[in-house]
Trainee: 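Quick one: this structure, given as structure tokens, is what I'll be asking you about.
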Amino acid sequence: MLDSTHAIDTAAPLLEIHRASVMRGEQLILDQFSLRLATGQHTAILGANGSGKSTLIRLIARQLYPLARGDGTPVIRVFGRERWSVSQLRSLIGIVSPALQLDYTSDAPLEVFDAVVSGFFAARGLGLDHQITPPMRERAHAALAQMDASPLIGREMASLSTGEARRVLIARALVHRPRALLLDEPCAGLDPASRRRFLESLRQLARQGTTLLLVTHHVEEILPEIEHVLLLREGRLLQEGRKTEVLTDAALSAAFGMRMQVGRRGDYYSAEVL
Ligand SMILES: Nc1ncnc2c1ncn2[C@@H]1O[C@H](COP(=O)(O)OP(=O)(O)OP(=O)(O)O)[C@@H](O)[C@H]1O
């Protein structure tokens, strides 16, 4: 089925990674990694420090390239297609990472609304050649409201708290109404109450139809809506499947290299080192 706004094949998986290997220098960082994400299949990728999570995100964001395969078959496809421009890709999969946050909260002046609306131009802020149309303005306001970030309009990005800046950057990614949001360590730096409030706003997005791909070290951040979990270890897929099958003491202990015990608190999971 073709979607007229993006000319995409909506019957194809949203994201397919087929046996991707990535080298950095002499080191193989991702080793034959595969992932298949259907629209609506909220997924968590869990792994210890150095397991390859950021490398995977950089691969999806096209900031790193996989080793070509001898048979020429595509390693990454989005809605069944290998080639997309970076701006087309952003309008299908929004990405929010700590690296992006660092860039947007640096000292170079940038006002919150400008940061969000400039998402339409894939630019860090607004330039003289950027023509903001009324629908763009409206969409930027709606995305800020969706993330409870409207009161921040007028503030400088550099003046925001970690959690506030993250909400604004998610709003920026949402201006395109992306099919999926890839969130790298979305709760890093948040206190426990802010973390829970933030997770609840992500749940709203998931319920409203944005497919979430969450990359994290923390089992506690796996939203109830996420049913599909991948465990990464040393650049390889250790285990993949339904949350109830993957979040076990044995699997987490293997992923993190230490004895761990999984617990449940209401709709969320928890894990502690024994
Ligand atoms: N530019 C690079 N050159 C060489 N090795 C690298 C480079 N970038 C990352 N690595 C190595 O690749 C491995 C995976 O790193 P990556 O940052 O993807 O892990 P991660 O799971 O995101 O870790 P963390 O949770 O600490 O952010 C690590 O062993 C790291 O040292």
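Note that this is a predicted model, so its numbers are computed, not measured. Counting convention: from 1, in listed order, for ligands and their atoms alike. Atoms considered below: every heavy atom in the structure, side chains included; atoms not considered: hydrogens, waters and symmetry mates.
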Trainee: Is ligand 1 less than 4.0 angstrom away from at least one heavy atom of Ser51?
Mentor: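 Under 4.0 Å: yes for Ser51.
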Trainee: Identify the heavy atoms of Met260 and Ala271 that sit nearest to each other, and give their distance.
Mentor: CE-CB, 3.9 Å
Trainee: Heavy-atom count around Glu138 CD within 6.0 Å, excluding the residue itself: above 12?
Mentor: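 No, because the 6.0 Å sphere around CD of Glu138 holds 12 heavy atoms or fewer from other groups.
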Trainee: Looking at atom 17 (O) of ligand 1, would you say a protein heavy atom lies below 4.0 Å from it?
Mentor: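 Yes, at least one protein heavy atom sits under 4.0 Å from atom 17 (O) of ligand 1.
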Trainee: Of all the non-hydrogen atoms in the protein, which one sits nearest to atom 27 (O) of ligand 1, and at what distance?
Mentor: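 In this structure, atom 27 (O) of ligand 1 has Ser54 OG, 3.7 Å as its nearest protein heavy atom.
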Trainee: What atoms in ligand 1 come closer than 4.0 Å to a heavy atom of Lys53?
Mentor: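 The list of qualifying atoms is 18 (O), 19 (O), 20 (P), 21 (O), 22 (O), 23 (O), 24 (P), 25 (O).
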Trainee: Kindly say whether Val262 contributes a backbone atom to a donor-acceptor pair with the side chain of Asp249 at under 3.5 angstrom?
Mentor: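 Answer holds: yes.
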Trainee: With heavy-atom distances below 4.0 Å as the criterion, list the atoms of ligand 1 near Thr55.
Mentor: 15 (O), 16 (P), 18 (O)
Trainee: From Asp191 CG over to Arg197 CZ, what is the distance, rounded to the nearest 0.5 angstrom?
Mentor: 7.0 Å
Trainee: Please tell me if atom 11 (C) of ligand 1 is touched by the protein, where touching means a protein heavy-atom distance below 4.0 Å.
Mentor: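 Yes, because at least one protein heavy atom sits under 4.0 Å from atom 11 (C) of ligand 1.
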Trainee: Less than 4.0 Å is my threshold; does some heavy atom of Ala48 fall inside it relative to ligand 1?
Mentor: yes
Trainee: Kindly confirm or rule out an N or O of Gly50 lying under 3.5 angstrom from an N or O of ligand 1.
Mentor: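 Gly50 vs ligand 1: N/O contact under 3.5 Å present.
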Trainee: For atom 31 (O) of ligand 1, what is the nearest protein heavy atom, given as residue, atom name and distance?
Mentor: Gln27 OE1, 4.9 Å
Trainee: For atom CD of Glu200, decide whether the heavy atoms of other residues, nucleotides or ligands shown that lie under 6.0 angstrom number more than 12.
Mentor: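 Yes, enclosed.
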Trainee: For the residue pair Gly40 and Thr211, what are the closest heavy atoms and their distance?
Mentor: N-OG1, 2.7 Å
Trainee: Can you confirm whether more than 12 heavy atoms, excluding those of Arg264, are under 6.0 Å from its CZ atom?
Mentor: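 Yes, CZ of Arg264 has more than 12 neighbouring heavy atoms, counting only those of other groups under 6.0 Å.
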Trainee: In this structure, are over 12 heavy atoms from other groups packed under 6.0 Å from Arg259 atom CZ?
Mentor: no
Trainee: Tell me which one of Arg24, Glu185, Glu234 gets a heavy atom nearest to atom 8 (N) of ligand 1.
Mentor: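 Selected option, by shortest heavy-atom distance: Arg24.
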Trainee: Answer with yes or no whether Gly47 contacts ligand 1, where contact means a heavy atom under 4.0 Å from a ligand atom.
Mentor: no
Trainee: Would you call Glu221 and Arg195 a salt bridge, taking side-chain N to carboxylate O under 4.0 Å as the test?
Mentor: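 Between Arg195 and Glu221 there is a salt bridge, with a charged N closer than 4.0 Å to a carboxylate O.
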Trainee: I'd like to check whether Ile29 has a polar contact with ligand 1, where a contact means an N/O of the residue lying under 3.5 Å from an N/O of the ligand.
Mentor: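 N/O-N/O distance below 3.5 Å does not exist for this pair.
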Trainee: Looking only at protein heavy atoms, identify the closest one to atom 26 (O) of ligand 1 and say how far it is in Å.
Mentor: Asn49 ND2, 2.9 Å
